[in-house]
Structures are given as structure tokens and as C-alpha cells.
Amino acid sequence: MVNSIAEQKGHFYTIDEAINFDFETVKALQLKHLNAVRTLNGGAKYFKQAEGCTFIDYEGKKHLDMIGAVGVVSVGNNNETVWAGIKKCFDTKQFMMGAISYHNIAAAFAHNLSLVSPHQKLTKVGTATGGAEAIEGVIKLVKLAVRNKPEKTHILACVRGSFHGKTTGAVSVGGKEKWRAYQHPLMANVDHVPYGDAEKLETALRTGKYSAFFAEPIQGEGGIIVPPEGYLKKARELCTENDTYLVIDEIQAGCGRTGKFWCCEHEDIVPDCLTFAKGFSGGLIPFAGYNCTEELYNAAYGSIETCFHHTATYQENGLSCAAGLSSLIYFG
Ligand SMILES: Cc1ncc(COP(=O)(O)O)c(C=O)c1O
């Protein structure tokens, strides 16, 4: 008879045991198996439960969630609408692997997202499992879209506080030296201009060599830096004049966090592409992606030569899209 894993390898914790762990057990396991230095130096607390804008620690003390769990739970912790959407998928045994088939929930999510896009002009959607992966997806989208434009050799992004995630492509377009350290060689042919400086942006874009300009509508990780009024509008104009795609990273500022659904709507602009993450699943399921114009999407993936160039196992995953769709319904 084959022994169970627990008999062969040692005690295997169950979910019930994990839910009822005391703090000392959690601490010992976490420091042994996960990033101990980060946990000890990052001011980590032990929260056991969360509801709305409240975290409850292991002693039963309530804490007010002042940052929406790093900008993730715009719809509140353990949002009932989002859980109900997820649960409905389980109750009805939905097929979840959107990457390999037509998919009802992914299609519905993309439709809803297009409806809330600036002026409803962004009708194509690419999904990912995290913000940095969404940014990588856009870098690739842009590179493929300009493959027949030999003059478009570079990408333009912002310094100093800009942040787009911590993968190699994301730190290459990011402006924080701290996160670029030890990652070299970074992605080649990325230039940076100071955030908020329309003159420097104009000088750079006039060279004609940039396929895309990446900017946050408000720099989040950089310290909540709001650009001068009119900057995004000017960036839109300059990108159009110089045949450069405007990519607005709404991962932190989007999803209703600044009073409009998308932060770039404060300047009433339509970017060629915007990225989303964090708030779109209420913190329950990793979900991110981009929303772009049909022109940009088709320039990249509208051919048989390139349509398979960006695939991923969890692309258009049903459960992620159900969480995203339910978040949108909650907002709506
Ligand atoms: C503007 C912006 N873009 C991208 C990211 C990266 O997202 P993720 O941490 O999910 O990779 C972040 C994360 O804070 C962000 O604030």
C-alpha cells in the first residue's frame, strides 16, 4: 500500500489547522520558509481577518485599513459582491481556463471594462496575474505594434519616482534607481524624462524614435506626486503628433481611487492603453491587465504571424475575470 504524503514526509497542515494556528506557529513557519528579513523589517502584523475597511489581528483587536491594503481593496476587504460572483462560478461548475477556449466570463468582463474605459474607446483587453506582468504585456504589445516602423527604436518613460513593478521590463521603464540596482542588464533602448515636465517631454518625442510613452497619472510609490494641471492632456497631444502610443499606468491610481473611475479622466484624455491591477479583484484573486484601442491591439496581434506571441496559462482565467467583473458590478 502507498503511504500518504503525511506518513512519508511529515505532518501536512490542513486548512482548518492553518485557520486556527496561534501566532507563535505562524511566526515560526513564516520566518523559516518565507522571506524572514523582509517580514521582520517591514513592520508586519498578524491580521487574521478582514472585513470592509477593518483588519482584525490575532488578539481580536480591530485596525482601520487606511490604504486599502496597498491600493488593492478599493471595494473593501472580503467584499460580498465579489465573493458571491466567485461562489456562483463554483456552484455552477464553470469551466475556468479562458486561455484555451471561448469564455463567457472573460468575454463579459472585457465588455464591461470597455464600457467604463475613457470615452468607451478602449475596446480590447489583455489579462495578467499581476501589475508588473501587465506592464510586461504592454511593453510587448507596443513592440509588436511598431514592428514595421524601423524608426521606432525606443520607449520613453519617467524619472524620478515612477514605479511600474519589479520585473526586468517594469524596472526598465520605472524610474526608481533602488529597484533597478542588481537587475542589469536592463531592457535596452529605454529613455526617461522628468515626470511632469511637458517641455522635456516634447523635446524627446520630437526625435520621432519613441514607440510609446509610459506614465502614471499620479505617481503612487514615488510619494503621491500629482503632475501639473494639463500635463496629461499635453502628453496626449504630443504623443498623437509624434506617432507615439500613450500608455497610462492606472494600476495604483485607477479603479475609483481618485474620485473618477480612471485617474486620467480628470484631464479627459483617452490613452492608447491603460493598465489595471490591484483593485480589480478586491484582493481575493490575482488579476491585472491592460485595456487598449482596437488600432493598437490589432497592430500587435491582429495577424496570424503574431497572434500567439503573447499567451500565458492563466490568461483570461474565468475565476480572475469573475472577480474583476464582480468588482466592476459593485462599483457600477
Ligand atoms: C503604478 C504601478 N504600476 C505597477 C505596479 C506593479 O504591480 P504589482 O505589484 O502587482 O506587480 C504597481 C505596484 O504598486 C504600481 O503602483
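Atoms within each ligand, like the ligands themselves, are counted from 1 in listed order.
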Exercise for the section: Ignoring hydrogens, just give me the one of K278, E221, H164, Q252 whose non-hydrogen atom is nearest atom 13 (C) of ligand 1. Expected result: K278
Practice task
Can you label the angle between the H11 ring and the Y13 ring as parallel, tilted or perpendicular, going by 30° and 60°?
Solution key: perpendicular
Exercise for the section: Number the atoms of ligand 1 from 1 as they appear, then name those within less than 4.0 Å of a heavy atom of E216, with their elements. Expected result: 1 (C)
Exercise for the section: Work out whether the distance between some heavy atom of E133 and some atom of ligand 1 is less than 4.0 Å. Expected result: no
Practice task
Determine, stepwise, if the pair F90 / L319 fulfils side-chain contact (heavy atoms from CB on, under 4.5 Å).
Solution key: CA-CA 9 Å; F90 173 72; L319 207 49; over 6 Å; no
Fill in the blank from the handout: In this structure, atom 11 (O) of ligand 1 is nearest to the protein heavy atom A132 N, 2.8 Å
Exercise for the section: Scan the protein's non-hydrogen atoms and note whether one is under 4.0 Å from atom 9 (O) of ligand 1. Expected result: no
Handout entry: Residue and atom name of the nearest protein heavy atom (relative to atom 3 (N) of ligand 1), distance in Å to one decimal
Key = D249 OD2, 2.6 Å
Handout entry: Cation-pi geometry met for K45 and F47 (6.0 Å, 45°)
Key = no
Practice task
Answer yes when D191 and K209 have at least one side-chain N-carboxylate O distance shorter than 4.0 Å, and no when they do not.
Solution key: yes
Practice task
Please determine if G131 has a nitrogen or oxygen closer than 3.5 Å to a nitrogen or oxygen of ligand 1.
Solution key: yes
Exercise for the section: Indicate, with yes or no, if Y330 and F261 share a hydrophobic cluster defined by side-chain heavy-atom contacts under 4.5 Å among Ile, Leu, Val, Met, Phe, Trp and Tyr. Expected result: yes
Practice task
Measure up the Y195 and Y231 rings against each other and bin them: parallel (under 30°), tilted (30 to 60°), perpendicular (over 60°).
Solution key: perpendicular
Handout entry: Test: K61 and E59 ion pair at under 4.0 Å
Key = yes
Practice task
Using a 4.0 Å heavy-atom threshold (strictly under), name the region of K166 that reaches ligand 1: side chain, backbone, both or neither.
Solution key: neither
Fill in the blank from the handout: The protein heavy atom nearest to atom 6 (C) of ligand 1 is G165 CA, 3.5 Å
